[in-house]
Amino acid sequence: MRLSKLFAKTQREIPAEADTISHRLLLRGGMISQVATGVYTYQPLAWRSLRKIEQIIREEIDRAGGQEVSMPVLQPIELWQKSGRDQALGKTLFKLVDRRDHTLVLGPTHEEVVTDIVIHNIRSYRDLPVNIYQIQTKFRDEPRPRAGLIRGREFAMMDAYSFDRDQAGLDTSYQKMLSAYKAILARCGTEATIVEADSGAIGGKDSLEFMLLTDSGEDTIIICRKCGYAANAEKARFNKGGADNGRPLPLEEVSTPGMQSIEQVAGFLNVPAGQTLKAVFYVADGNFIFVVIRGDLPVNEIKLKNTLKANDLRMATEAEVLEKGIVPGSASPIGIKNVKVIADDSVEAGTNFIAGGNKPDTHVKNVNYPRDFKADVVTDIALARAGDTCPHCSTPFTAVRGIEVGHIFKLGTLYSEKLGAYYTDENGVSRIIVMGCYGIGLSRLLAAAIEQHHDDKGIIWPVPIAPYHVYLCALYREGTKVDETAEKLYADLQTAGIEVLFDDRKESPGVKFNDADLLGIPLRVTVSARTLEKESAEVKWRAEKEAQLLPLEDLVTVLKQMLAGKMRA
RNA sequence: CGGGGUGUAGCGCAGUUGGUUUAGCGCGCAGCGUUUGGGACGCUGAGGUCGGAGGUUCAAAUCCUCUCACCCCGACCA
């Protein structure tokens, strides 16, 4: 491709509305353009990279036994009503009404559709296991799209679904996909960290996320450097430690004038925050929830939401709290009535806590669970942070940021039950199908790869997903053979099957070199009056500082060898 | 949805106490000439319903009302 003809224009100025690296570089390189919030056109360079990622994924999923299909983007709302996810997804579902007044959904994912198809195609144990996948545009009306391709409302995704006879079969399918995912991310030149994750609106029990670590990531990941335990903060387990403050003593009211927050109360009574109990109030799907947790721990709203099986969870307003007869600042679970109480398990791992007195300026000492109050549920609803310790080896955690590029789930029989997916076994008995599902965000992966591979000049594409492999840079000068030499090299490279972007523009060297750096093509080959004096061309890896002069003779062969060495990670 | 912010040429911005403006500047773009190893220079030129609607006024990019779009921070996810 000749750069002079490429449908893209590089920009010198940093686009004002972008402040994430990948977003900036994609815009500056003329690789994407925005059409609406979270909606982008992929221009030729980005599209080529995306197609390469797609091909890598296709090869690896095929190798893992997947069969590619194409399911519809348009889906009848009824399927979503059957699974109940029209409620769970809520406003995230893009809906539209057809001419018959029938509501359709733009597919955000395909568990419902795929299960429905399987019901019509799988009848016998002989048909199992099966794994089907597609690579397609997905639509989600995200509350807040951001950072260009990292979170769009329309994005490219590979979604795969496995169907097995039983849990053991699912385990096998899941492991195959886990391996395939590792291979895909490695081949794309990215370094992924696999973490335990919450399954969110997809549902199911076990799930793992593939994170590309970068500061611009949206997720917080908790990592144990010693034993390797890694989890999304919203899922992470940790040692809360006990709060043994001696044998349970009798309750005792204390005056705490003006003391409301945990810090104030703990400071006033001269005890650590971990010896207090914190009350936090939420509204889950319209129901008021009283949450009790040890004073030094934050509530993990994801864990809480899962415990409650709620679609919608938010903090209660002060008015809602007062309406329940609760005294903010001195709220107590003791004697609370007609309110659902959820307690973190830290409250039963300690004694003689200080809790609210449920009247102004008053707290109560020596509160013990379950002697003094009852919770409807006692479970883990605490948020892990850096410095908390690993549940496996007690080493303090490190917290890092990451972008979730892939997620695999053991769905089990969640959808099979709701939609009715059964097969007949060897004995003629009808049994439920066990499912798994697996997603990779291709457009996000593209952006995340840039987050991992760039410098202050621009992108540094990993060779396997680079839009082109060679950036042929001709520095023209009157009275030299630069023009004809570059043209011949361009032709020879193409003949040899090397993907080459030819900078044939009549621009100054500075412009060309800067654009070459910005666009990040792995190998830069420069032909100039200077190099021709030595019958050679200058060859430089984008990722490296030093360039080398190589003879024009058999240059194509040499370049081919150089690239071959980098095609596999 | 809550909070913050921005809309003036393809991009980055100035102008906003209403009137000296025919709305400017830099980059980019077009033409001509000189240049050519890290974003060259000169000359000439094209390009704008100042996000939209309504209002106030002799007069609106500028003031008022409404509205739309976009960005950032939070709850959501590949």
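Here is how names work: the chains are called A, B, and so on, in the same order as the sequence lines, proteins then strands, and each is numbered from 1.
- Crowding of A:Glu191 atom CD: a count of heavy atoms from other residues, nucleotides or ligands under 6.0 Å not exceeding 12.
- A salt bridge (Lys or Arg N to Asp or Glu O under 4.0 Å) with A:Glu54 is found for one member of A:Arg51, A:Arg58, A:Lys52 and no other, namely A:Arg58.
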Set out, line by line, the N/O atom pairs under 3.5 Å between protein and nucleotides 72-75 of chain B.
from	atom 1	to	atom 2	distance (Å)
B:C73	OP2	A:Arg144	NH1	2.9
B:C73	OP2	A:Arg144	NH2	2.4
B:C73	O5'	A:Arg144	NH2	3.4
B:G74	N7	A:Arg144	NE	3.3

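- Taking every heavy atom of residues 514-523 of chain A and every atom of RNA chain B, pairs under 4.0 Å involve A:Asn514, A:Asp515, A:Asp517, by number.
- Atom NZ of A:Lys506 is surrounded by more than 12 heavy atoms from other residues, nucleotides or ligands within 6.0 Å.
- The side-chain contact (heavy atoms from CB on, under 4.5 Å) with A:Ser536 is formed by just one residue from the set A:Thr531, A:Leu550, A:Leu555; it is A:Thr531.
- At a cut-off of 3.5 angstrom, the base of B:G39 holds no donor-acceptor pair with the side chain of A:Glu507.
- Comparing atom distances between the A:Glu13 side chain and each of B:A78, B:C27, B:C71 picks out B:C27 as nearest.
- A donor-acceptor contact under 3.5 Å is formed by the side chain of A:Arg524 with the base of B:G38.
- Donor-acceptor pairing under 3.5 Å, judged by distance alone, is absent between the side chain of A:Ser508 and the base of B:G39.
- In the set B:G12, B:A78, B:G39, the nucleotide with an atom closest to the side chain of A:Thr10 is B:G39.
- Applying the 4.0 Å criterion to OP1 and OP2 of B:G39, one finds that A:Gln11 has every side-chain N and O outside that range.
- Across all strands shown, B:U57 forms no Watson-Crick or G-U wobble pair with both distances under 3.5 Å.
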